[in-house]
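Below is one structure, written out as structure tokens, with a few remarks after it.
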Amino acid sequence: AVTLRFTITDKMSGVPIDTLDLAHEKYIHAIGLDKNLDNFYHIHPDKVSSGVWEIKYIFKNAGTYRMYSDIAIGGRQYVFGHNFFNIEETEPLMTKPAVSAQRYFLKSVITPDNQYQVILEHDTPLVAGKDSAVHFTVKHSDGDGLELDNYLGASMHLAGFSDDLKEYVHTHPSNHDAHGGAAPSVPADDGHDHEHSLLPAKIALAHTNEGGETVDSEVVMFNVNFPKPGIYKLIQQFRPKGITLPGDQSLFVEFWVQVEADYGQTVAKVEMPEPTVKKMSVGTQKTMLFIISIILMALLSRFVYKKIQV
């Protein structure tokens, strides 16, 4: 296991900070990927002393990783991007070749255990710098409806990484309250200034819960603001209701999306300065006229001399 240590201090005074807010049941969310973009982790350090937090974590593979940490202090959210770090190869780690991750822009994926299906729907195009609607529908793999349990205070967690790991987003459902329950419904006009091209969620109604009631597949909605255009990997964490997993664990699935630049932004007009002509002083003008006069007189004298010779 690798020990990861986080030291939190006031930037100006250097005094340790211990007054972190509890956000989604944890004080620090440390989230990241390796450069291959296929080794995701979401971990939560524990406090060991004033301003110091630690966690021992076993990385599945050796390689180069990047981490982002999310904290909240006094109701304000902070996100820190940490430098890349290397995990050396030791048993039972295995080094994977540093190759670019294959990008499949799928709209539906099945969990590795073949038990659950997740469907992605989103604004088209996704535009950087604006809130974009991103929705996920979770079902049983046979299409039956499915309910979700809370995981860390929400029905789903969404993390997004640009393919160079320079940009990062971490957000939670917009249609659920702080405890993961359904939030009040909102009008269809939700204030977005761009068109939505979301398809109606394909809801299966064949599954029933213990009481014999029909269960709808749950649609989890996010408003995501991607910081810059590019290709992003989205990772969703969720817990199907009744799954036999420890309370601090979840399933996760991955999607690739393309985020476009906002070409509708006003481009500032660059005013080119008018060319300026530097004026000569009176003395300089007289000198130039004198020189021109001498040249003209010399030319005229030469012309007259040739005429006389003829």
Check: With hydrophobic residues grouped by side-chain heavy-atom distances under 4.5 Å, do V15 and I73 end up in a single group?
Finding: no
Checklist line | Sidechain-backbone polar pair: N36 side chain, D38 backbone, donor-acceptor under 3.5 Å | finding: no
Next item on the list: Would you please indicate yes or no on a ring centroid separation below 6.0 angstrom for F252 and F238?
Entry: no
Next item on the list: Measure from the ring center of W256 to the ring center of Y104 and say whether it is less than 6.0 Å.
Entry: no
Check: Where do T3 and E54 land on the side chain to side chain contact (heavy atoms under 4.5 Å, CB included) test, with the steps shown first?
Finding: CA-CA 7 Å; T3 299; E54 286 186 359; 4.0 Å; yes
Next item on the list: Using modelled atom types only, decide if a donor and an acceptor are shared between the side chain of H24 and the backbone of L152 within a distance under 3.5 Å.
Entry: yes
Notebook entry, point to check: Is there a donor-acceptor pair closer than 3.5 Å between any side-chain N or O of D123 and the backbone N or O of A133?
Noted result: yes
Item checked: H82-Y68 aromatic ring centre distance below 6.0 Å -> no
Note to self: Main chain of T64, side chain of D34: is a donor-acceptor contact present, judged purely on distance under 3.5 Å?
What the structure shows: no
Check: Do H172 and L158 come within less than 4.5 Å of each other through their side chains, counting heavy atoms only?
Finding: no
Check: Hey, does I119 have a side-chain heavy atom less than 4.5 Å from the side chain of K139?
Finding: yes
Notebook entry, point to check: When you look at I8 and I28, which way does the side chain to side chain contact (heavy atoms under 4.5 Å, CB included) test go after all the steps?
Noted result: CA-CA 11 Å; I8 304 174; I28 301 177; 3.8 Å; yes
Next item on the list: Find out whether F255 and I235 are in side-chain contact, i.e. whether some heavy atom of one side chain is under 4.5 Å from a heavy atom of the other.
Entry: no
Margin query: Give me the atom names and distance for the closest heavy-atom approach of F6 to S69.
Written below: CE2-CB, 4.3 Å
Notebook entry, point to check: Do the side chain of D18 and the main chain of G51 share a donor and acceptor less than 3.5 angstrom apart?
Noted result: yes
Note to self: Any non-hydrogen side-chain atom of V224 less than 4.5 Å from a side-chain atom of D131?
What the structure shows: no
Item checked: Least distance between heavy atoms, V257 atom then F105 atom -> C-CE2, 3.7 Å
Next item on the list: Examine K35 relative to F84 and say whether NZ or CZ is less than 6.0 Å from the centre of the six-membered ring and inside a 45° cone about the ring axis.
Entry: yes
Notebook entry, point to check: Ring centres of Y232 and F161 under 6.0 Å apart?
Noted result: no
Notebook entry, point to check: Are V48 and L4 joined in one hydrophobic group, where the rule is that I, L, V, M, F, W and Y side chains link up if heavy atoms are under 4.5 Å apart?
Noted result: no
Checklist line | From CA spacing to verdict: side chain to side chain contact (heavy atoms under 4.5 Å, CB included), V2, I87 | finding: CA-CA 8 Å; V2 177; I87 299 299; 4.1 Å; yes
Item checked: hydrophobic_cluster_shared for V138 and I110, side chain cutoff 4.5 Å -> no
Checklist line | Exercise: identify the closest heavy-atom pair between V220 and P173 | finding: CG1-CG, 3.5 Å
Notebook entry, point to check: Backbone N or O of A23 within a donor-acceptor pair of the D21 side chain at under 3.5 Å?
Noted result: no
Notebook entry, point to check: Within a strict 4.5 Å, meaning less than it, do heavy atoms of the V219 and F136 side chains meet?
Noted result: no
Next item on the list: Apply the test ring pair (Phe, Tyr, Trp, His ring centres under 6.0 Å) to residues H135 and F222: give CA-CA distance (whole Å), side-chain angles for both, the deciding distance (0.1 Å), then the verdict.
Entry: CA-CA 6 Å; H135 296 182; F222 294 86; 8.7 Å; no
Notebook entry, point to check: Can you find a heavy atom in the side chain of Y263 that is under 4.5 Å from one in the side chain of P125?
Noted result: no
Note to self: Main chain of S250, side chain of R239: is a donor-acceptor contact present, judged purely on distance under 3.5 Å?
What the structure shows: no
Notebook entry, point to check: Relative to each other, are the rings of Y151 and H157 parallel, tilted or perpendicular (30° and 60° limits)?
Noted result: perpendicular
Item checked: E121 vs K107, salt bridge (charged side-chain N to carboxylate O under 4.0 Å, His left out): CA-CA, chis, key distance, verdict -> CA-CA 7 Å; E121 300 167 314; K107 297 300 183 184; over 6 Å; no
Next item on the list: Output, in order, the C-alpha distance, side-chain angles, deciding distance and verdict of side chain to side chain contact (heavy atoms under 4.5 Å, CB included) for N39 and L33.
Entry: CA-CA 5 Å; N39 287 289; L33 277 172; 5.6 Å; no
Item checked: Flag, side chain of N86 to backbone of E88, donor-acceptor distance under 3.5 Å -> no
Note to self: Could you check whether any side-chain N or O of S162 sits under 3.5 Å from a backbone N or O of E167, counting only pairs where one atom can act as donor and the other as acceptor?
What the structure shows: yes
Item checked: Non-hydrogen side-chain atoms of Y168 and D70 separated by less than 4.5 Å -> yes
Next item on the list: Would you kindly confirm whether V52 and I55 end up in one hydrophobic cluster when ILVMFWY residues are joined by side chain heavy atoms under 4.5 Å apart?
Entry: no
Next item on the list: Output the distance between atom NZ (K241) and atom CG (D149), rounded to the nearest 0.5 Å.
Entry: 4.5 Å
Notebook entry, point to check: For the ring pair H170 and H42, is the centre-to-centre distance below 6.0 Å?
Noted result: yes
Checklist line | Heavy-atom closest contact (A159 atom, I31 atom, distance) | finding: CB-CG2, 4.3 Å
Next item on the list: Kindly indicate whether the side chain of M67, heavy atoms from C-beta on, has any atom under 4.5 Å from the side chain of Y41.
Entry: yes
